[in-house]
K.L.:
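Just passing along the structure, written as structure tokens.
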Amino acid sequence: MPELPEVETVRKGLIQLVTNKTIEAVDVYWPKIIEQPEVQQFQSDLVGQTIQTVHRRGKYLIFVLDTVEMVSHLRMEGKYDYFPNITPKGKHTHVTFTFTDKSQLHYQDVRKFGRMALIKKGTAAMYKGIKKLGPEPILPDFSLDAFQIRLKRVNKAIKPALLDQTIVTGLGNIYVDEALWRAKIHPETPGSLLNTTESTALHEAIIAVLQEAVEAGGTTIRTYQNALGEAGSFQTSLYVYGQQGTPCVRCGTAIIKTKVAQRGTHLCPHCQIKKGVRV
DNA sequence: AATACTACCTGCGTGC
DNA sequence: TGCACGCAGGTAGTAT
């Protein structure tokens, strides 16, 4: 389910529900979810550890325990579900954590793309997926200067460039379309062709859309009862994502859906004109 | 180094 | 009803 705002919402929910809980058992039903160490080691390393807090970096959740940290990425459809009592696993439950008070955290993921890894405490920043992330989309981490300098070296389309997580982390398919619409930039524009006005507007739009979405608790597309972070309301504030056929609120032109770098892409064909390509 | 494509999975809607 | 196909909030691996 998640881009940054949804992951942040999940993190807040987890903090409320599992802080100070001690793990009594870990059950794994789809071993590929566990990246490292081996499943048995993963389970035994976690048993007896208490969750101190949950951090987030980009779209990664980082559970901080006594001597280890558990990095968790939800990818497309991963979800955490909390149960106050021991509860039978669902069809798509792949990992369960049972706490000493008999409450449980279930990891559910229809497409099984999500991943978990155990690392030594304090080493999350060095973890494979995390170490290559760009800055968090907030100031001062995400500096306009560095963003503009970096964009000059980007020859590919701005949309996949932003989805890459190395220029700035946290955008996914929804918020990248929203940010580009706000900044009036066509998603296929090569990064190097953005002028100062455009890159400044884009920088501002990225920060704003993600912050607003965090405040709204994220965007809920499909609802699964009980899952943490599924109560977001930002879907009512989307200007292009899923809005194909409806009028652009700025100019009235119908929003279209197309494909850019293999991803469904929404834009206003009047406000967002492609540069660098002969028409 | 940067870029482009594919794999990883399941379920759902669409069209024949 | 069955079936093929495209599509879905993401990233990692591989090849060029």
Side-chain angles (χ1 to χ4, degrees), chain A residues 1-11 29-36 56-61 71-80 90-95 107-117 127-134 137 149-180 187-192 209-210 213-214 216-224 227-238 240-244 257-266 276:
Chain A
M1 52 166 290
E3 298 179 41
L4 185 150
E6 292 73 39
V7 177
E8 178 61 15
T9 303
V10 170
R11 185 186 75 84
Y29 303 96
W30 189 262
K32 283 189 77 170
I33 299 279
I34 312 302
E35 240 167 21
Q36 66 171 61
R56 178 190 58 72
R57 174 79 172 96
K59 306 175 191 175
Y60 289 82
L61 289 166
V71 175
S72 170
H73 198 301
L74 277 34
R75 295 281 179 91
M76 292 290 265
E77 304 203 17
K79 292 170 183 65
Y80 281 104
K91 181 176 181 189
H92 302 296
T93 305
H94 304 122
V95 183
Y107 176 73
Q108 321 195 155
D109 188 343
V110 169
R111 295 174 73 182
K112 301 174 175 171
F113 285 172
R115 293 293 181 264
M116 295 176 192
Y127 180 68
K128 174 165 54 81
I130 294 178
K131 72 180 175 201
K132 60 182 172 196
L133 296 180
I149 289 167
R150 179 69 199 277
L151 285 182
K152 287 181 190 149
R153 292 189 287 121
V154 172
N155 296 308
K156 68 174 166 180
I158 187 65
K159 170 159 177 171
L162 292 174
L163 288 175
D164 178 70
Q165 308 299 300
T166 61
I167 296 175
V168 59
T169 186
L171 292 168
N173 208 35
I174 294 179
Y175 300 112
V176 75
D177 282 4
E178 294 296 316
L180 289 168
E188 285 180 316
T189 310
S192 58
V209 73
L210 291 172
V214 165
T219 298
T220 304
I221 288 182
R222 283 171 274 178
T223 301
Y224 290 80
L228 292 170
E230 288 287 347
S233 62
F234 199 73
Q235 59 276 12
T236 62
S237 304
L238 300 174
V240 283
Y241 187 87
Q243 305 304 305
Q244 56 270 29
K257 181 174 182 185
T258 174
K259 195 175 260 201
V260 175
Q262 334 274 27
R263 306 297 303 272
T265 298
H266 312 73

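Residue numbers start from 1 in every chain, and the chains themselves are labelled A, B, ... in the order their sequence lines are given, proteins ahead of strands.
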K.L.:
Rounded to whole Å, please give me the gap between CG in A/Leu163 and P in C/dG9.
P.N.:
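From A/Leu163 CG to C/dG9 P: 10 Å.
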K.L.:
Any strand is fair game: report the nucleotide pairing with C/dG9 by Watson-Crick or G-U wobble, both distances under 3.5 Å, or none.
P.N.:
none
K.L.:
Say you draw a straight line from CD1 of A/Ile221 to CD of A/Glu6; how long is it, rounded to the nearest 0.5 Å?
P.N.:
8.0 Å
K.L.:
Rounded to whole Å, how long is the line connecting atom CE of A/Met76 with atom P of B/dC8?
P.N.:
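Rounded to whole Å, this separation is 16 Å.
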K.L.:
Pick the P atom in C/dG6 and in B/dA7, then give their distance to the nearest Å.
P.N.:
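Roughly 14 Å separates the two P atoms.
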K.L.:
Using OP1 and OP2 only, check whether a side-chain N or O of A/Lys257 sits under 4.0 Å from C/dA8.
P.N.:
yes
K.L.:
Write down the distance between CD1 (A/Ile167) and P (B/dA2), rounded to a whole number of angstrom.
P.N.:
10 Å
K.L.:
Rounded to the Å, how far apart are A/Asp164 CG and C/dA12 C1'?
P.N.:
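Those two atoms, CG and C1', are 12 Å apart.
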K.L.:
Establish, with yes or no, whether the OP1 or OP2 oxygen of B/dT10 is under 4.0 angstrom from a side-chain nitrogen or oxygen of A/Lys112.
P.N.:
yes
K.L.:
A/Tyr60 has a side chain; which of B/dT10, C/dT11, C/dG10 sits nearest to it?
P.N.:
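Comparing B/dT10, C/dT11, C/dG10 against the side chain of A/Tyr60, the answer is C/dT11.
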K.L.:
Return the value, rounded to whole Å, for the distance between atom NZ of A/Lys32 and atom P of C/dG10.
P.N.:
20 Å
K.L.:
Quickly work out the A/Tyr175 OH to C/dG9 P distance and round it to whole Å.
P.N.:
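So the OH-P distance, A/Tyr175 to C/dG9, works out to 12 Å.
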K.L.:
Between B/dC9 and C/dT14, how far is it from one P atom to the other, in whole Å?
P.N.:
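Pairwise P distance, B/dC9 against C/dT14, rounds to 15 Å.
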K.L.:
Under 5.5 Å centre to centre and under 30° between planes: does that hold for A/Phe113 and the six-membered base ring of C/dT11?
P.N.:
no
K.L.:
Given atom NE2 of A/His94 and atom P of B/dC9, what is their separation to the nearest angstrom?
P.N.:
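In whole Å, B/dC9 P lies 11 Å from A/His94 NE2.
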K.L.:
Provide the Watson-Crick or G-U wobble partner of B/dC9, both distances under 3.5 Å; none if there is no partner.
P.N.:
none
K.L.:
Take the protein atom NZ of A/Lys159 and the nucleotide atom P of B/dT3, then report the distance between them rounded to whole Å.
P.N.:
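In whole Å, B/dT3 P and A/Lys159 NZ are 17 Å from each other.
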K.L.:
Under 4.0 Å between a side-chain N/O of A/Lys59 and OP1 or OP2 of C/dT11, yes or no?
P.N.:
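So the side-chain polar atoms of A/Lys59 do come within 4.0 Å of the phosphate oxygens OP1 or OP2 of C/dT11, strictly under.
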